[in-house]
Enquirer: 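Submitted below is the structure of interest, expressed as structure tokens.
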Amino acid sequence: TNEADKLGYFQGQYGTTGVCEGIGNSDVIRNKGNNNYFQGVTIKNPLGDARGRDIAFDDEGDKTIFMNARLWAYQDTYVSHVPNRYYFEGGVIRGRTDYMCGKGDVYYKEVTLQTVPGGYISAPSPPKKYGYIYDNCTIKLESKGSYTLGRPWGQGTPVALFINTKMESAPTAEG
């Protein structure tokens with residue numbers, strides 16, 4: 001038996017993955033409550049990089065607030081749902097592929113977007129009203145490489161706006 005088998009990994013459609021991979025399966029926290037406030041916490045998915053969708057926080061609640069929190073994963077780190085509203089201020093969100101994704105209106109203020117090269121930062125679905133707003137955020141790459149700001153998820157007209165966001169290296173022209 002190799003090491004991957006011992007850890008519960010197997011060869012999936014997109015490469016090596018874990019038995020609990022996927023939205024609703026690998027979530028560290030799945031919030032279904034309203035008016036929740038998180039400050040100074042770190043929520044990290046242990047599935048590991050390049051092991052599939054490894055959600056740190058799946059947010060089905062409404063009016064969730066994160067202050068100086070750290071969400072750490074690789075793909076789909078933070079998932080939002082419609083028609084709900086969410087607010088982030090300060091802190092770090094880390095990932096590679098669509099690591100902020102879903103529906104609803106999310107306002108990110110002065111958040112560090114720690115990006116593993118090669119993926120998409122944002123994958124919004126059609127919003128209730130505003131979409132994903134990144135205001136005075138900073139995009140940092142973990143190592144040399146490229147990244148794309150975003151791509152749509154689902155039907156309709158998704159929105160991701162990057163306002164006064166500092167990009168320590170330029171994104172690809174697409175997305």
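One is the number of the first residue; the rest follow in order along the sequence.
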Enquirer: Side chain of R96, backbone of Y120: donor and acceptor closer than 3.5 Å?
Expert: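 Side chain of R96 to backbone of Y120, a donor-acceptor pair under 3.5 Å: no, none is there.
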
Enquirer: Tell me whether F38 shares a hydrophobic cluster with M100, the cluster being built from Ile, Leu, Val, Met, Phe, Trp, Tyr side chains joined at under 4.5 Å.
Expert: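 Yes, F38 connects to M100 through the hydrophobic network.
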
Enquirer: According to a hydrophobic-cluster definition based on side-chain heavy atoms being under 4.5 Å apart (Ile, Leu, Val, Met, Phe, Trp, Tyr only), do Y86 and I29 belong together?
Expert: yes

Enquirer: Classify the ring geometry between F66 and F88 as parallel (under 30°), tilted (30 to 60°) or perpendicular (over 60°).
Expert: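 Judged by the thresholds at 30° and 60°, the geometry between F66 and F88 is parallel.
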
Enquirer: Considering only heavy atoms from C-beta outward, does the side chain of K109 approach that of Y87 to under 4.5 Å?
Expert: yes

Enquirer: State, yes or no, whether a side-chain contact exists between C101 and S122 at a heavy-atom distance under 4.5 Å.
Expert: no

Enquirer: Once you round to the nearest 0.5 Å, how far does CG of D76 lie from OH of Y99?
Expert: 12.5 Å

Enquirer: Using a distance-only test with no angle check, is there a side-chain donor-acceptor pair under 3.5 angstrom linking S80 and Y132?
Expert: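 Short answer, yes.
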
Enquirer: Roughly how far, to the nearest 0.5 Å, is the OH atom of Y74 from the CG atom of D54?
Expert: 9.0 Å

Enquirer: Which atom pair, heavy atoms only, marks the closest approach of P117 to G145?
Expert: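 P117 and G145 have their closest heavy atoms at CB-CA, 3.8 Å.
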
Enquirer: Given the rule that I, L, V, M, F, W and Y join up when any side-chain heavy atoms are under 4.5 Å apart, are V116 and I55 in one cluster?
Expert: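 No, because V116 and I55 fall into different hydrophobic clusters, even though each may have its own neighbours under 4.5 Å.
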
Enquirer: Using side-chain heavy atoms (C-beta onward) and a distance below 4.5 Å, is P171 in contact with L149?
Expert: yes

Enquirer: Checking T64 against Y37: is there a side-chain donor and acceptor pair closer than 3.5 Å?
Expert: no

Enquirer: So do Q114 and W72 actually touch side chain to side chain, heavy atoms under 4.5 Å?
Expert: yes

Enquirer: For the residue pair P83 and K128, what are the closest heavy atoms and their distance?
Expert: O-CD, 3.2 Å

Enquirer: CD1/I65 to CZ/R85 distance, rounded to the nearest 0.5 angstrom?
Expert: 11.0 Å

Enquirer: Just how far is it from atom CD1 of I93 to atom CZ of R70, taken to the nearest 0.5 Å?
Expert: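 It comes to 11.5 Å.
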
Enquirer: Check Y134 against T165 and note the closest heavy-atom contact, atom names and distance.
Expert: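 Taking Y134 first and T165 second, the nearest heavy atoms are O-OG1, 3.4 Å.
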
Enquirer: Give me the atom names and distance for the closest heavy-atom approach of G154 to S125.
Expert: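 Nearest pair, atom of G154 first, then S125: N-OG, 4.4 Å.
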
Enquirer: Would you please classify the geometry between the Y78 ring and the F57 ring as parallel, tilted or perpendicular, with 30° and 60° separating the classes?
Expert: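 Rings of F57 and Y78: parallel, under 30°.
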
Enquirer: I need the minimum non-hydrogen distance between G90 and N68, along with the two atoms involved.
Expert: CA-OD1, 3.5 Å

Enquirer: We want to know whether D135 and Y107 form a side-chain donor-acceptor pair, criterion being a heavy-atom distance below 3.5 angstrom.
Expert: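 D135 vs Y107: donor-acceptor pair found between side chains.
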
Enquirer: For the hydrophobic clusters of this structure (ILVMFWY residues joined by side-chain heavy atoms under 4.5 Å, transitively), does one cluster hold both L141 and M167?
Expert: yes

Enquirer: Below 4.5 Å, heavy atoms only, C-beta onward: do Q39 and V41 meet side chain to side chain?
Expert: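 Not touching, per the 4.5 Å side-chain cut-off.
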
Enquirer: Can you check salt bridge (Lys or Arg N to Asp or Glu O under 4.0 Å) on D98 and R151, steps first, answer last?
Expert: CA-CA 8 Å; D98 306 337; R151 62 181 174 180; 2.8 Å; yes

Enquirer: Between I163 and I139, is there a shared hydrophobic cluster once you connect ILVMFWY residues whose side-chain heavy atoms come closer than 4.5 Å?
Expert: no

Enquirer: Between N31 and N36, is the side chain to side chain donor-acceptor pair (under 3.5 Å) condition met? List the steps.
Expert: CA-CA 9 Å; N31 176 41; N36 287 304; 2.9 Å; yes

Enquirer: Do R94 and E142 have side-chain heavy atoms sitting under 4.5 Å apart?
Expert: yes

Enquirer: From R30 CZ over to D58 CG, what is the distance, rounded to the nearest 0.5 angstrom?
Expert: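 So the CZ of R30 and the CG of D58 are separated by 5.0 Å.
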
Enquirer: For residues H81 and D62, is any side-chain donor paired with an opposing acceptor at under 3.5 Å?
Expert: no

Enquirer: Ignoring hydrogens, what is the shortest heavy-atom contact between N84 and E60? Give both atom names and the distance.
Expert: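 N84 and E60 have their closest heavy atoms at ND2-O, 3.1 Å.
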
Enquirer: Please say which of V28, T42, I43 ends up in a side chain to side chain contact (heavy atoms under 4.5 Å, CB included) with L71.
Expert: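 For L71, the side chain to side chain contact (heavy atoms under 4.5 Å, CB included) check succeeds only for I43.
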
Enquirer: Once rounded to the nearest 0.5 Å, what's the spacing between atom CG of D105 and atom CD1 of I133?
Expert: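 The CG atom of D105 sits 8.0 Å away from the CD1 atom of I133.
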
Enquirer: What do you reckon, is CD of E168 surrounded by more than 12 foreign heavy atoms closer than 6.0 Å?
Expert: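 More than 12 within 6.0 Å, yes.
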
Enquirer: Determine whether T138 and K166 make a side-chain contact, defined as any pair of heavy atoms from C-beta on separated by less than 4.5 Å.
Expert: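 Result yes, sub-4.5 Å side-chain heavy-atom pair found.
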
Enquirer: Assess the side chains of T148 and T172: does a donor N or O sit below 3.5 Å from an acceptor N or O?
Expert: yes

